[in-house]
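Side chains included, hydrogens not; waters and symmetry mates left out as well; all remaining heavy atoms used. Every chain is numbered from 1, with letters handed out A, B, ... down the list of sequences.
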Amino acid sequence: MDKSFEASNFIEEIIIKDLQDGRFNYVQTRFPPEPNGYLHIGHAKAIVINFEIAKKFGGKCNLRFDDTNPTKENIDYINAIIDDVKWLGYDFGDKVYYASDYFDEMYELAKKLIEKGKAYVCNQSTEEIRRNRGTLTQPGIDSPYRNRSIEENLDLFEKMKNGEFKEGECVLRAKIDMSHPNLNMRDPVMYRIIKTPHHRTKGKWCIYPTYDWAHGLEDSIEKVTHSLCTLEFEDHRILYDWFLDELGVFHPRQIEFARLNLTYTVLSKRKLLHLVENGYVNGWDDPRMPTIKGLKRRGFTRDSIVDFIKTIGVTKSNSIVDYALLEHCARQDLNKKAKRAMVVQDPIKLIIENYPDDKVEYLEAVNNPEDESYGKRLVSFSKELFIERNDFAIDPPKGFYRLKVGQEVRLVFAYYVVCTGYETDENGNVVTVRCTYDPNSKGGWSLDARKVKGTIHWVNAKDYLDIELRIYDKLFLKENPEETEEEKDFTSNLNPNSLVIKFAKAEKSLLEAKDFENFQFLRLGYFCKDPDSTKNHLIFNKTVDLKDSYSKILKKS
RNA sequence: UGGGGUGUAGCCAAGCGGUAAGGCAGGGGACUUUGGAUCCCCGAUUCGGAGGUUCGAAUCCUCCCACCCCAGCCA
């Protein structure tokens, strides 16, 4: 490997050095989720890091399920995770790896450790083990079973495997050092008895390896060179190394990086599960959830998520990334890719007094001003249109470019109109706005090059679609949802307005929208078609707003 | 008071002994058939603090401070 690489983060620096020093002559990584929950954006960070590093150094990245605990795992999670990794655009070469495929090998290796006098069967109860582990400042106490003979340990371990003991009756422990300053080294448990059938190995095993024992072996067996994990495993590395060294097997290097935290969101499986189980959201794929499935349904594209992860960088410092950066990445991608369409979310009628009563015109509209290849479409236009309620004002503040009596605006892709009046209902609410149009401004241009400051969108009131808009906002009100009043939990910070449903008027082209397809509804924001839609009832989820500099101007005045 | 880590702008983050990149957010302006997009311009005399080494320190040394993780037969 004589290609020269440039490191873009500290992990790549280490990898490059390992390559130069000859510690490894290739690079291989892995993404090792436990199939006990859905993937969220925090996992996306691990996925992107692992797969991108493999790609960069010409190696591969295994998708490996760390399925060592049958009481928490199931096949549905496996399928969902496979789905999500694929959706993110990563190719793991058709082969999916499972820790459970290595159970036989691990068992043999455990026997080897026993034979070396480095592991023993311990009959202390969970409580006794805990008590004898000592504390952060006090050393632990040796187990009374610590010095059993190798033969006895081998025999007992086999009986454990054969199901001759009850759950909790005994465990296999590594024999290291009960007074080690690092708690993980105080004779850690390697195997425990679990009589729950495993989703893959079924009833074959009743002993299961713990993370510390299993993980390094999984990496070693797969010949992973760089085992990338999060910071909380930093003080497990000494154990990871110990097992591999004692066994004398292929020895990957574990490197830890900081997990992702995002403002206004929670990213713990436990809390996410709580939100789902208590109905605070409508399932794991609720568009407000930070799960991959939620983000997808919200309208985030894979490219925007990958870009986001690449933008935040990889370091060892605990950090909380601003949610606004994720939104920025979404806008950046969607601006280039989303088809434009016109939707009026809070309609009032606009009547063009001098437009022929029965005339219908089909006007050309640009599908994406950022990319000509998206082409044009025809949008129908008539005497009666819907426009946004807030695009008309009786007595607007200064700097209001939209409709007010006497002011001219452009109906995008259509004509210039001058507002001539308005009508209100008995409560004083505006119901209809009247105007006249300039027949010579078709397409939205005029020959005299007269300046029209405001451009507004519209929908033909004689030819439109009723659609549902699900307007999503942040799930939590506080940047840090954990910051609560006493006696309250994070759900007290839930945003009661995180979902607002609106019924809107839309141009008919939306009939052809596909599930999850992204759109920019002109001047409203980015939306994507929700799979709950039916042929007669289209639903669009708001992904993110368009940037709005008018609101700033409003605030100032 | 044990062990493992981290501290550079409001938020991320480069920097690796030669005089503080970039992105987001924020502010100002130009332009615009989306008040979108785009384009300019504005931020740290200082890198958690204090000493020291050096011609020169965010980078090296010492001490101190703050914060995070660890006492599952979870991962």
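Looking at heavy-atom distances under 4.0 Å, Gln520(A) makes contact with a base. Residue His457(A) is out of contact with every strand shown, counting any heavy-atom pair closer than 4.0 Å. Using a 4.0 Å heavy-atom criterion, one finds that Glu370(A) contacts the bases of the nucleic acid, with or without backbone contacts as well. Using a 4.0 Å heavy-atom cutoff across all strands shown, Thr263(A) reaches no nucleic acid atom at all. Contact annotation for Lys72(A): backbone-only contact, meaning every heavy-atom pair under 4.0 Å involves sugar-phosphate atoms and none involves a base. At the heavy-atom level, Leu522(A) lies under 4.0 Å from base atoms of the strands shown. Backbone-only contact: Arg133(A) has heavy atoms under 4.0 Å from sugar-phosphate atoms and none from a base. Contacts of Gly140(A) with the nucleic acid, taken as non-hydrogen atoms under 4.0 Å apart, are absent. Counting any heavy atom pair closer than 4.0 Å across all strands shown, Thr126(A) reaches a base atom. Contact annotation for Tyr208(A): no contact, since no heavy-atom pair falls under 4.0 Å across all strands. Among the protein residues, Ser551(A) comes within range of no part of the nucleic acid, since none of its heavy atoms lies under 4.0 Å from any strand. Within the nucleic acid shown, Gln124(A) comes within 4.0 Å of at least one base atom, counting heavy atoms only. Here Tyr191(A) lies out of heavy-atom contact (under 4.0 Å) with every strand. No contact: His215(A) has no heavy atom under 4.0 Å from any strand.
Phosphate contact (OP1/OP2 of A13(B), side-chain N/O of Ser317(A), threshold under 4.0 Å): present. At the phosphate of C74(B), OP1 or OP2 sits under 4.0 Å from a side-chain N or O atom of Arg192(A). Distances shorter than 4.0 Å separate none of the side-chain N or O atoms of Arg259(A) from OP1 or OP2 on G5(B). For the pair Thr210(A) and C73(B), the criterion of a side-chain N or O lying under 4.0 Å from OP1 or OP2 is not met. For the OP1/OP2 pair of G23(B) and a distance below 4.0 Å, the side-chain nitrogens and oxygens of Lys310(A) include no atom meeting the criterion. Within the 4.0 Å cut-off from OP1 or OP2 of A75(B), at least one side-chain nitrogen or oxygen of Thr68(A) is found. Distances shown here put every side-chain N or O of Arg237(A) at or beyond 4.0 Å from the OP1 or OP2 atom of C70(B).
Separation of the C1' atoms belonging to G15(B) and A21(B) is 8 Å when rounded to the nearest angstrom. One C1' atom belongs to U45(B), the other to A66(B), and the distance between them is 25 Å to the nearest Å. Taking the C1' atoms as reference points, A44(B) lies 33 Å from G36(B), given to the whole Å. Nucleotides G10(B) and G18(B) are separated by 27 Å at their P atoms, to the nearest Å. Nucleotides G27(B) and C70(B), compared at atom P, are 39 Å apart to the nearest Å. As rounded to the nearest Å, G7(B) and G28(B) have C1' atoms that lie 33 Å from one another. Nucleotides U59(B) and C47(B) are separated by 10 Å at their C1' atoms, to the nearest Å. When the C1' atom is used for both G49(B) and C65(B), the distance is 7 Å, rounded to whole Å.
Between the CZ atom of Arg173(A) and the CG atom of Asn153(A) there is a distance of 12.0 Å, given to the nearest 0.5 Å.
Each of Val452(A) and Ile129(A) lies near RNA chain B, and the nucleotide nearest Val452(A) is the one positioned closer to the 5' end. Sequence order on RNA chain B of the closest nucleotides to Pro369(A) and Gly134(A) puts Pro369(A) first from the 5' end.
Lys547(A) has its NZ atom 15 Å from the P atom of G35(B), to the nearest Å. Taking atom CG on Leu411(A) and atom P on U34(B), their separation rounds to 13 Å, with Å as the unit. Taking atom CZ on Arg270(A) and atom P on A75(B), their separation rounds to 18 Å, with Å as the unit. As rounded to whole Å, 5 Å separates atom C1' of C70(B) from atom CG of Asp235(A). The distance from atom CG of Asn318(A) to atom P of C12(B) is 10 Å, rounded to the nearest whole Å. When the P atom of C31(B) is taken as reference, atom NZ of Lys451(A) falls 9 Å away, rounded to whole Å.
On a pure distance criterion of 3.5 Å, no polar donor-acceptor pair joins the side chain of Asn182(A) and the base of G4(B). No N or O donor and acceptor, one from the side chain of Arg130(A) and one from the base of G72(B), sit under 3.5 Å apart. Residue Glu13(A) places a side-chain atom within donor-acceptor reach of the base of C16(B), judged by atom type and a 3.5 Å distance cut-off alone.
No donor-acceptor contact under 3.5 angstrom links the side chains of Glu479(A) and Tyr323(A), judged on distance only. Inspection of the Glu408(A) and Tyr416(A) side chains reveals no N or O donor paired with an N or O acceptor under 3.5 Å.
Of all nucleotides present, none satisfies the Watson-Crick or G-U wobble test against U1(B) with each distance under 3.5 Å. Look at C63(B): its Watson-Crick or wobble partner, with both distances under 3.5 angstrom, is G49(B). Applying the Watson-Crick and G-U wobble criteria (two distances, each under 3.5 Å), A58(B) pairs with nothing in any strand. Under the Watson-Crick or G-U wobble criterion, with both distances below 3.5 Å, G72(B) has no partner in any strand shown. The partner of C16(B), taking Watson-Crick or G-U wobble pairs whose two distances both stay under 3.5 Å, does not exist in any strand shown.
The main-chain N or O of Pro188(A) is never found under 3.5 Å from a side-chain atom of Arg133(A) such that the two would form a donor-acceptor pair. Between the side chain of Arg64(A) and the main chain of Val96(A), no donor-acceptor pair closer than 3.5 Å is present.
The only member of Glu222(A), Arg30(A), Arg237(A), Glu256(A) that meets side chain to side chain donor-acceptor pair (under 3.5 Å) when paired with Ser227(A) is Arg30(A).
Ring pair His236(A)/Tyr211(A) is perpendicular by interplanar angle, where above 60° counts as perpendicular and below 30° as parallel. Taking the six-membered ring where the residue is Trp, Phe157(A) and Tyr191(A) present tilted rings, their angle falling between 30° and 60°.
Look at G72(B): its glycosidic torsion is within 90° of 0, and that puts it in the syn range.
For Lys339(A) and Phe519(A), the positive end is not near the middle of the six-membered ring at less than 6.0 Å and at most 45° from its axis.
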